[in-house]
Amino acid sequence: MDNASFYEQVFQVVALIPNGRVTSYGVIAAYLGAKSSSRMVGYAMNDAVKAMPPIPAHRVVNRNGLLTGKFHFSTPTKMQELLEAEGVKVIDDKIVNFKKFFWDPSVELDLER
DNA sequence: GCGTTGACGAGGA
DNA sequence: GTCCTCGCCAACG
């Protein structure tokens, strides 16, 4: 893991997001100890398209629950469809009950702490 | 090695 | 409540 670059660490956390759950970039950054580097998380996801295994980037949105990165997908609507396919309602590119589907790694992965 | 980029966040008006 | 500005800091060219 020491060899893992910052964006590789982001992939690991995002890959741990359960199906039907979503999280924000800031939370992931904070979990990595770089809460101020929230932008780096989004930037790292830029490689998620070519990452192996594929990263469920559609489960990661900004702190507003808005699908800011949908435009980076194959099609702008692909991200919304994937979320709805997992039971997450998306209206106007925004996640409904975002707080309800919110997944906090610092809490869900708190088992080992 | 330097400047720009950027899927964000928080604070202020 | 919305809109604007600043800051963060790694990766890319």
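Throughout, a chain's letter reflects where its sequence line sits, starting with A, and its residues are numbered from 1.
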_Any A:Val61 side-chain heavy atom under 4.5 Å of A:Met79 side chain_ = yes
*What is the nucleic acid contact for A:Tyr25, judged by heavy atoms within less than 4.0 Å: base, sugar-phosphate only, or nothing?*
base
*In plain terms, say whether A:Arg21 and A:Glu86 are close enough for a salt bridge, that is, a side-chain N and a carboxylate O under 4.0 Å apart.*
no
*Quick one: are A:Ile28 and A:Gln9 in side-chain contact, heavy atoms under 4.5 Å?*
no
_Whole angstroms only, please: what is the CZ-P distance between A:Arg39 and B:dG9?_
11 Å
*Give a yes or no on whether the backbone of A:Glu8 and the side-chain of A:Ser5 come within a donor-acceptor separation of less than 3.5 Å.*
no
_d(CZ, A:Phe11; P, B:dA7) in whole Å_ = 14 Å
*A:Val88 and A:Leu66: same hydrophobic cluster, using ILVMFWY side-chain contacts below 4.5 Å?*
no
*Distance, rounded to the nearest Å, where A:Phe73 contributes CZ and B:dA7 contributes C1'*: 9 Å
*Taking the side chain of A:Ser24 as its heavy atoms from C-beta onward, which of B:dG9, B:dA7, B:dT5 lies nearest to it?*
B:dG9
_Checking the side chain of A:Thr23 only, and the main-chain atoms of A:Val60 only, is there a donor and an acceptor separated by less than 3.5 Å?_
no
*Within the distance-only criterion (no hydrogens, no angle test), does the side chain of A:Asp92 pair as donor or acceptor with the backbone N or O of A:Lys94 below 3.5 angstrom?*
no
*For A:Asn64 and B:dA7, give me the distance from atom CG to atom P, rounded to whole Å.*
15 Å
*Which residue, A:Tyr43 or A:Ser38, contacts DNA chain C at a nucleotide closer to its 5' end, judged by nearest heavy atom?*
A:Ser38
*Would you grab the first and last nucleotide of DNA chain C (5' to 3') that comes under 4.0 Å of any non-hydrogen atom in chain A?*
C:dG7 to C:dC12
_At 4.0 Å (heavy atoms only), tell me whether A:Arg63 reaches a base, stays on the sugar-phosphate, or touches nothing._
sugar-phosphate
_Reference residue A:His58; test side chain to side chain contact (heavy atoms under 4.5 Å, CB included); the match among A:Val90, A:Leu83, A:Ile17_ = A:Leu83
*What nucleic acid atoms does A:Ala44 come within less than 4.0 Å of, heavy atoms only: base, sugar-phosphate, or nothing?*
nothing
*If you group Ile, Leu, Val, Met, Phe, Trp and Tyr by side-chain heavy-atom gaps below 4.5 Å, do A:Val14 and A:Phe102 land in one group?*
no
*Would you classify A:Asn62 as touching base, sugar-phosphate or nothing, given that sugar-phosphate means primed atoms plus P, OP1 and OP2, and contacts are heavy atoms under 4.0 Å?*
sugar-phosphate
*asked:* Can you pull out the residues from residues 79-103 of chain A that lie within a 4.0 Å heavy-atom distance of DNA chain B?
replied: none
*asked:* Please determine whether a side-chain nitrogen or oxygen atom of A:Ser37 lies at a distance below 4.0 Å from atom OP1 or OP2 of B:dC8.
replied: no
